[in-house]
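Below, all heavy atoms of this structure are taken into account, side chains as well, without hydrogens, waters or symmetry copies.
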Amino acid sequence: MARGLFRPGFAIWRPAETFSGGVVTTAPALSSTVAGRATPLSGGEAMRAEQQRGVIAWRFSTSAATDVQEGDEVRFSGRALRVLTINLTSTGLRKECACEEVRR
C-alpha cells in the first residue's frame, strides 16, 4: 500500500490508570492527526484470524513512525478498534495492526 493511500482522521487512544480514591481506567487520546487506513478483513482472513487469536475484524495500516502499541485503541468515524498485534512490513515503512472492534 502506497503511503499516499493513508488518510488523516484517526486518533490513537492509550489505556492508562489514574488513581483517585480507587482505580479508574481511562484512555486518553495520544493524537488525533494520525494518517492511516482501516479495512475490514475479508471472510477468509477473518476466519483464519479468529482461529489463531479470537475475533479479529479489522486491519489498520499506518506509517512505521506512528506511536501505536498493542492494547491501544484506534478511533475514527464513531468506531473504536483495539490493537491486538502489530507487524512491521518487509520494507519497514509501515505497520500493519490486527484489530477487533470495541462495542460501546
Side-chain angles (χ1 to χ4, degrees):
M1 171 186 321
R3 184 180 181 119
L5 295 178
F6 290 160
R7 301 286 181 243
F10 295 91
I12 306 295
W13 292 63
R14 181 159 299 148
E17 291 182 358
T18 57
F19 300 95
S20 58
V23 177
V24 177
T25 302
T26 61
L30 293 178
S31 174
S32 60
T33 58
V34 173
R37 180 177 176 154
T39 53
L41 294 179
S42 69
E45 288 175 313
M47 284 177 45
R48 283 189 299 279
E50 185 174 335
Q51 291 170 355
Q52 293 173 1
R53 177 125 185 174
V55 178
I56 300 174
W58 291 81
R59 177 181 296 117
F60 175 68
S61 303
T62 189
S63 164
T66 300
D67 181 13
V68 61
Q69 300 175 5
E70 291 178 6
D72 287 355
E73 288 185 8
V74 178
R75 296 184 182 182
F76 66 101
S77 303
R79 294 185 186 271
L81 309 178
R82 181 176 300 112
V83 177
L84 301 175
T85 62
I86 301 171
N87 292 303
L88 199 58
T89 60
S90 60
T91 62
L93 297 176
R94 65 180 194 276
K95 293 177 180 175
E96 297 283 334
C97 306
C99 305
E100 65 181 354
E101 189 162 359
V102 177
R103 302 287 179 179
R104 299 200 181 265

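Within the 4.5 Å cutoff, no side-chain heavy atoms of Cys97 are placed close to those of Thr85. Taking the side chain as every heavy atom from C-beta outward, Glu96 and Ser61 approach each other to under 4.5 Å. Within the 4.5 Å cutoff, no side-chain heavy atoms of Arg7 are placed close to those of Arg37. The shortest side-chain heavy-atom distance between Thr33 and Phe10 does not fall under the 4.5 Å cut-off.
For the pairing with Phe60, the side-chain contact (heavy atoms from CB on, under 4.5 Å) check across Val34, Val83, Thr39, Ile86 returns one residue only, Val34. If you run side-chain contact (heavy atoms from CB on, under 4.5 Å) between Asp72 and each of Gln69, Glu70, Arg75, only Gln69 comes through.
Summarising the geometry of Gly9 relative to Phe76, their closest heavy-atom pair is O-CB, 3.9 Å, with the distance given to 0.1 Å. The shortest non-hydrogen separation linking Ala64 to Gly92 is CB-O, 3.4 Å.
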Check your understanding: Could you walk me through whether Glu73 and Val102 pass the side-chain contact (heavy atoms from CB on, under 4.5 Å) check?
Key -> CA-CA 8 Å; Glu73 288 185 8; Val102 177; 4.2 Å; yes
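Between Arg14 and Asp67 there is a salt bridge, since at least one side-chain N of the basic residue sits less than 4.0 Å from a carboxylate O of the acidic one.
Side-chain contact check for Glu100 and Trp58: no donor-acceptor pair (N or O, by modelled atom type) lies under 3.5 Å.
With hydrogens and angles ignored, the 3.5 Å screen pairs a side-chain donor or acceptor of Thr62 with a backbone N or O of Ala35. Looking at Lys95, its side chain does come within 3.5 Å of a backbone N or O of Thr66 through a donor-acceptor pair.
Taking CZ of Arg59 as the reference point, atom CG of Asn87 lies at 10.0 Å (rounded to 0.5 Å).
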